[in-house]
Amino acid sequence: MNAPRTTDADVLVIGGGPCGSTAAAFARQAGMSVIVVEKDAFPRFHIGESLLPNANAVLRRSGAWTAVASAGFVEKRGARFCTADGVAHKRVDFSRGLVPGLDATFQVERAKFDALLLDRARALGADVRQGWKVVELLPGNAGVEARLESVDGEHRTLRTAWCIDAGGRENHYANALKRETDPPRLARRVAVYSHFEGMVREEAPAGGDTIVVRLDDGWFWIIPLAERKTSVGLVTTTDRLRSGGRDAEEVFRRTVEESPYLRERFRGARATMGFHVTADYSYFRRALAQGRCVLAGDAGGFFDPIFSSGVYMSLWGAEQAVQMVARAHAAGRSLTASECACYTRRVKRHAGVFARLIESFYDNAAFSVFMTPRPPFDLERGINSIVAGHAALTFGQRWRLAVFELCCRIQRHRPLVPEIRIPTRVAVSARALDSEATPTGDLVTLR
């Protein structure tokens, strides 16, 4: 299919989340006309509320930083990791990293954060159309044709020179780019999460830290969003969830009860909304660009969010996608095979740095090395900068990461640091938590 010469805009951006709105902002800054299609009406709930300091620079370049910095979000200066029994613990202080300028960022309520970014794209002149989703995309040599459907069942067709798909994990339309995925690097897992009020908190400034609680088959996140609102989620294997009776809230409550550390955090807490379940969220498409279509953010791939890399990768990926499209647009041509392959490699290499740490996190020997209070060779500063989001590795980061991984391999055979015991969860009857701490809301089952 060859698109007609007459188009409705230069770029169609699918999705109005952080990736889509940032892509729209950069495209407008590059002088291209943009239509953003978003199926939901904003503000809307979304999980993934923790930013990384390295995302701040992308937000500055897109022009959204001033609004984000003045929105009253909780300041985040680090992350804390501990075992479920609370015996082993470590704090990553962003200011103690190898790369300067990554001292702090924010924990954000996504409904507010996403609306701010979409407003920025709209202020730059992007045509934002909410309540519409793409049901068919027909790429051609000169452009793309997208067939849309509204929440009311109305249908419409758009013709643009380019399409940047930032629509997230959901696949509403057939797309050759989305058919093949890379072999999975991580075991299939599922997240069960809700928002709570009244969670036990640390005093500032550590009170704004993300807390990651290591379990034998997964982990728990605790992310402070406001004075009394906290995002809390359990990441576990699909097998564990199914063996727990397929009742996601029951498995969540049982996990809290089995952990002394979590029981203390939940003292006096209650859920403020129903529980949500997200499954199979570690994946990457085989190719991320072709012709006049580009996948960005979660539409292209996503790894287990232990290190909160999701929003950062979406913002960074949006900028990379627009830079590539803008060059080809200025030259009046489609993307070359070389450009598509280079973009795919660049995004996967960037995300792969986080994947390497994630794989270490799930390995008990490597986790012991990560958690050691004073690692040798000044490794901590290099790892801290990666946890802060600096995945374009400097020489100093690169050799420290390589030495860290070598130490992890040695640790499996000959301990270099004290081994950390990961408490094994046992099958117990799901006794109700204290009435003040019992999560409430809609029951969610894994289908």
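Aromatic pair Phe252/Phe196: centroids less than 6.0 angstrom apart. Side-chain rings of Phe302 and Phe354 stay apart, their centers remaining 6.0 Å or farther from each other.
Heavy-atom contacts from other residues, nucleotides or ligands closer than 6.0 Å to CD of Glu359 number more than 12.
Residues passing the side chain to side chain contact (heavy atoms under 4.5 Å, CB included) test with Arg60 are Asn56, Trp65, sequence neighbours excluded. Not counting sequence neighbours, the partners of Lys348 by the salt bridge (charged side-chain N to carboxylate O under 4.0 Å, His left out) test are Asp182. Gln29 meets the side chain to side chain donor-acceptor pair (under 3.5 Å) test with no other residue; sequence neighbours excluded. Every residue meeting the side chain to side chain donor-acceptor pair (under 3.5 Å) condition with Thr230, not counting sequence neighbours, appears here in chain and number order: Arg201. With sequence neighbours excluded, the residues that form a side chain to side chain contact (heavy atoms under 4.5 Å, CB included) with Thr372 are Pro375, Val417. In this structure, the side chain to side chain donor-acceptor pair (under 3.5 Å) partners of Glu75, at least two apart in sequence or on a different chain, are Arg77. Every residue was checked against the salt bridge (charged side-chain N to carboxylate O under 4.0 Å, His left out) condition with Arg345, not counting sequence neighbours, and none meets it. With sequence neighbours excluded, the residues that form a side chain to side chain contact (heavy atoms under 4.5 Å, CB included) with Arg214 are Phe361, Asn364, Phe367, Ile422. Residues forming a side chain to side chain contact (heavy atoms under 4.5 Å, CB included) with Thr66 (at least two apart in sequence, or on another chain): none. Not a single side chain to side chain donor-acceptor pair (under 3.5 Å) links Thr237 to another residue, sequence neighbours left out. Legend: residues meeting ring-ring contact (aromatic ring centres under 6.0 Å, His included) with Phe45, ordered by chain and number and at least two apart, are His195, His276.
Nearest heavy-atom pair across Val37 and Trp132 is CG1-O, 3.2 Å.
Using a 4.0 Å cut-off between charged side-chain N and carboxylate O, Arg80 and Asp209 make a salt bridge.
Listed by first and then second residue, the side-chain hydrogen bond (donor to acceptor under 3.5 Å, both in side chains) pairs involving residues 375-384 are Asp378-Arg381, Asp378-Arg400 (not counting sequence neighbours).
Side-chain contact annotation: Thr272 with Glu197, donor-acceptor N/O pair under 3.5 Å absent. Side-chain atoms of Ser368 and Glu419 include no donor-acceptor pair closer than 3.5 Å. Looking at Tyr312 and Asn54, their side chains do bring a donor and an acceptor atom within 3.5 Å of each other. Thr210 and Trp221 are not linked by any side-chain donor-acceptor pair at a separation below 3.5 angstrom, with hydrogens and angles left out of the test.
Counting heavy atoms from C-beta outward, His329 and Met32 have side chains that approach closer than 4.5 Å.
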